[in-house]
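Worksheet for the structure shown next.
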Number of protein chains: 2
Amino acid sequence: MQNLEGNKWYRGRERLFVAVDCVIFGFDQGVLKLLVFKRAVEPLKGEWSLIGSFIQEEENANEAAKRVLKEITGLDDIFMEELKTYSKVDRDPGARCVSISQYALIKIEEYDKELVEQHGAFWFAVDSLPSLVLDHNQMVVDALEHLRHKVQFYPIGFELLPHRFTIPQLQSLYEEIFQKKLDTRNFRKKFFSLDLLNKTTEKDKSSSKKGAYLYQFDLKKYNTLQQSGFNFLLLKK
Amino acid sequence: MQNLEGNKWYRGRERLFVAVDCVIFGFDQGVLKLLVFKRAVEPLKGEWSLIGSFIQEEENANEAAKRVLKEITGLDDIFMEELKTYSKVDRDPGARCVSISQYALIKIEEYDKELVEQHGAFWFAVDSLPSLVLDHNQMVVDALEHLRHKVQFYPIGFELLPHRFTIPQLQSLYEEIFQKKLDTRNFRKKFFSLDLLNKTTEKDKSSSKKGAYLYQFDLKKYNTLQQSGFNFLLLKK
DNA sequence: TATAATAAATGTAAAAAATACATTTATTAT
DNA sequence: ATAATAAATGTATTTTTTACATTTATTATA
């Protein structure tokens, strides 16, 4: 980093605390959940909060968020994107602090349950969240809105499902995200027409006698299609 | 602001410079343009740049961006939204600085031309921009991608047009944004079916002998429709 | 004052996509 | 063998999208 002495441009400018906060979604048995965190330290000890961190010297915002996610869940290599910046002057009564929210979609059966417990983190259904500190409830509302929009145009739903999943699981994910029942026949027709699912020969019999075939999302095919101007667009209405 | 002495939480945390940078779009005679700025002061004097500012003590990011926009263009009450945060450690060689990009859509005939000139700002067609400082070209690329997406789902195109505009103007705006010729008949049919345009009795004869009727966007109607789960969705492909 | 020139405005038929809707199938437990 | 359960499937109707060419209003000029 360059020596700033004598550089009028930076001299006297305010510097702010800059944090990231992670909105971590999981999909558990038909329910969309969020990982929230009971603060063990002051300030705001004992209150529910998203998981966050100040940005450190040697990392950018996304790296900070990934670091936090790794610390809490043990998970690496997760779908995570910046959402929005929260910069209201008084949003944090402790100090002037800007927070960059990042949302993550995780496969709920893969995270390290012990680690999560150690960090005082819990899963809540998104529709029955407790009151969170600062503007964290707003962050969740914004993240949900974004998720609902984005999931229609990009195949990110798979990030919330196991590597192999059934069509009923996939449908229930979309039903949960859109808060709307979908027709089985039309859902399948639509999804199969996209030609992005590979059927395996195995069935998941955990929720029926007949069992439902397991499928995998074909990311390579998607990438190829997308490059040629393909539109994922799942639901019109 | 609370006294932080004794508050372990903040003590020793790094503080960063936080700036906003404005990606200002305008639509001028069929061409999508961007307002860029020749720096008059060090550092990077003489180079092309987006217009930005450090966030000040008493303002949030959006307020900072609106302040800048007002200073440069004289315009108030402009469509402006946060886009993305740029936080790479070395993005600014002068100091560790995070920038929040904000994009604005302005009606190009309304800004204060003298003010703009005074500030060394110029309009460039987006497809022939000069090289900009830091990661500002990336900001523009990201803003364009966002604009292309958003304009399909939200009626923000009108922010770039005069209050009253013709259908040919509207169509050329979409053609310019999507970089694609559209069919006049289908374009009109689609737009009229949305029922969001009010036809006036006046014509604009500046580009044809016959003249084209002037229309206005009906924001109230849009708001009502949107609340009842309406989908703007302009183009499928 | 007729004609040429110019961009604006319009309609229809065919193809594709979305929707509504009910039965059969595979398997397990009794 | 039968009952129970969730998975899987097909078709007809409606809606939306697409492709495509001519007429209209006006001004300038011959």
Side-chain angles (χ1 to χ4, degrees), chain A residues 29-31 151-153 161-162 164-176 178 180-216 225 228-237, chain B residues 29-31 151-153 161-162 164-176 178 180-216 225 228-237:
Chain A
Q29 296 176 166
V31 180
V151 86
Q152 292 183 68
F153 306 108
L161 292 175
R164 303 199 308 168
F165 51 85
T166 67
I167 305 294
Q169 267 183 298
L170 183 64
Q171 184 175 338
S172 85
L173 171 65
Y174 282 95
E175 289 180 336
E176 172 73 358
F178 297 137
K180 188 181 175 180
K181 281 280 165 204
L182 302 173
D183 179 87
T184 328
R185 289 158 288 185
N186 294 339
F187 182 83
R188 282 171 186 265
K189 205 185 314 169
K190 177 75 198 187
F191 238 109
F192 291 150
S193 79
L194 298 174
D195 192 26
L196 291 170
L197 301 181
N198 293 326
K199 192 175 186 173
T200 70
T201 53
E202 266 178 274
K203 283 182 161 186
D204 168 10
K205 295 199 170 167
S206 65
S207 67
S208 79
K209 289 159 185 165
K210 182 176 177 179
Y213 280 104
L214 287 163
Y215 290 79
Q216 289 178 242
L225 282 170
S228 53
F230 161 85
N231 196 339
F232 181 70
L233 200 49
L234 193 59
L235 300 174
K236 188 71 192 298
K237 276 185 198 158
Chain B
Q29 298 179 162
V31 180
V151 87
Q152 291 183 70
F153 306 109
L161 292 175
R164 303 198 308 166
F165 50 85
T166 66
I167 305 295
Q169 267 184 298
L170 184 63
Q171 182 175 339
S172 86
L173 171 65
Y174 282 95
E175 289 179 336
E176 171 73 356
F178 297 137
K180 188 182 173 178
K181 281 281 165 203
L182 302 173
D183 179 86
T184 330
R185 288 157 290 185
N186 294 338
F187 182 82
R188 281 169 188 264
K189 203 186 314 166
K190 177 76 200 189
F191 238 110
F192 291 151
S193 78
L194 298 172
D195 192 28
L196 292 170
L197 300 182
N198 293 326
K199 191 174 185 172
T200 70
T201 53
E202 264 178 276
K203 283 181 162 187
D204 169 9
K205 296 198 172 170
S206 65
S207 68
S208 79
K209 289 159 185 168
K210 182 176 179 180
Y213 279 105
L214 287 162
Y215 289 79
Q216 288 178 241
L225 283 170
S228 54
F230 161 86
N231 198 339
F232 180 72
L233 199 51
L234 192 60
L235 299 176
K236 190 68 192 305
K237 276 184 199 157

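Every chain is numbered from 1 and lettered A, B, ... according to where its sequence line falls, protein lines coming before strand lines.
- D:dT5 atom P lies 18 Å from atom CG of A:Asp204, rounded to whole Å.
- For the pair A:Lys199 and A:Tyr215, the NZ or CZ position fails the cation-pi test of under 6.0 Å to the six-membered ring centre and within 45 degrees of the ring normal.
- Pairing for D:dA1 is with C:dT30, a Watson-Crick or G-U wobble pair whose two hydrogen-bonding atom distances lie under 3.5 Å.
- Comparing C:dA20, C:dA7, D:dA19 against the side chain of A:Lys189 picks out C:dA20 as the nearest.
- The closest donor-acceptor contact from the side chain of B:Glu175 to the backbone of B:Leu182 lies under 3.5 Å.
- Going from atom CD1 of B:Ile167 over to atom P of C:dA9 covers 7 Å, rounded to whole Å.
- When the C1' atom of C:dG11 is taken as reference, atom NZ of B:Lys190 falls 18 Å away, rounded to whole Å.
- Here the P atom of nucleotide C:dA8 and the CD atom of B:Glu202 are 17 Å apart, to the nearest Å.
- Formation of a donor-acceptor pair under 3.5 Å by the B:Ser172 side chain with backbone atoms of B:Gly30 is not found in this model.
- When each of B:Arg185 and B:Lys210 is assigned the nucleotide of DNA chain D with its nearest heavy atom, B:Arg185 is the one assigned upstream, toward the 5' end.
- Judged by closest nucleotide on DNA chain D, A:Lys209 is the one of A:Lys209 and A:Phe192 placed further toward the 5' end.
- Between the P atom of D:dA7 and the CZ atom of A:Phe191 lies a distance of 17 Å, rounded to the nearest Å.
- Searching all strands for a Watson-Crick or G-U wobble partner of C:dA13 with both distances below 3.5 Å returns D:dT18.
- Contact annotation for B:Lys205: backbone-only contact, meaning every heavy-atom pair under 4.0 Å involves sugar-phosphate atoms and none involves a base.
- Across C:dA18, D:dA7, D:dT9, the shortest atom-to-atom separation from the side chain of A:Thr184 is found for D:dT9.
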Evaluate the side-chain contact (heavy atoms from CB on, under 4.5 Å) criterion for residues A:Val151 and A:Leu173: first the C-alpha distance (whole Å), next the side-chain angles of each, then the deciding distance (0.1 Å), finally the verdict.
-> CA-CA 10 Å; A:Val151 86; A:Leu173 171 65; 6.0 Å; no
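- As judged by a 4.0 angstrom heavy-atom cut-off over every strand, A:Ser193 is placed among residues making no nucleic acid contact.
- Proximity note for B:Asn186 (side chain, C-beta onward) versus D:dA19, D:dA7, C:dT27: the nearest is D:dA19.
- Between A:Gly211 and B:Gly211, the residue anchored closer to the 5' end of DNA chain C is B:Gly211, taking for each the nucleotide with the nearest heavy atom.
- Put simply, CZ on A:Phe191 and CD1 on A:Ile167 are 7.5 Å apart, with the number rounded to the nearest 0.5 Å.
- One interatomic measurement links the two molecules: CG of B:Leu182 to P of D:dA19, which rounds to 11 Å at whole-angstrom precision.
- If you measure from atom CD of B:Gln171 to atom C1' of C:dA8, you get 11 Å, rounded to the nearest angstrom.
- Regarding A:Phe187, its CZ atom lies at a distance of 13 Å from the P atom of D:dA7, rounded to whole Å.
- Of all nucleotides present, only D:dA6 satisfies the Watson-Crick or G-U wobble test against C:dT25, with each distance under 3.5 Å.
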